[in-house]
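So that we are looking at the same thing, I have put the structure below in structure tokens.
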Amino acid sequence: MATTPRRPANPKDAAEALFRPAKKVAAPAVERPAIPNTKELVSLKIDSDVLAYFQADGPGWQDRINDTLRAAVKQ
């Protein structure tokens, strides 16, 4: 019957093993269903003249861009 020693053969190796970063298994990405009528934050590059056109009418320019894009999608 083979028994394992109470102490490791090389204490330095045992100590280094304790400080090695643990290998974590990445959890699979959970794809959640989209919540209806919610807005998502995105980064979008728009020509400066187009942006100036929508911002000229004041606050709410992001909603106006969204409405224009929605109308284009529905066509």
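From a predicted model like this one, the values you see are computed outputs, not experimental measurements.
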* **Note, F54 side chain near V50 side chain (heavy atom, < 4.5 Å)** =>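 Of all side-chain heavy-atom pairs linking V50 with F54, at least one is under 4.5 Å.
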* Are L44 and Y53 connected, step by step, through hydrophobic side chains (Ile, Leu, Val, Met, Phe, Trp, Tyr) whose heavy atoms are closer than 4.5 Å? ->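 Yes.
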* Asked: Hey, are the side chains of R70 and I65 touching, using non-hydrogen atoms and a 4.5 Å cut-off?
  ->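 Of all side-chain heavy-atom pairs linking I65 with R70, none is under 4.5 Å.
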* Side chain of D47, backbone of D49: donor and acceptor closer than 3.5 Å? ->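 Checked: no pair found.
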* When you look at CG of L18, are more than 12 heavy atoms from neighbouring residues, nucleotides or ligands closer to it than 6.0 Å? ->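 Counting neighbours around CG of L18, more than 12 heavy atoms of other residues, nucleotides or ligands fall under 6.0 Å, so yes.
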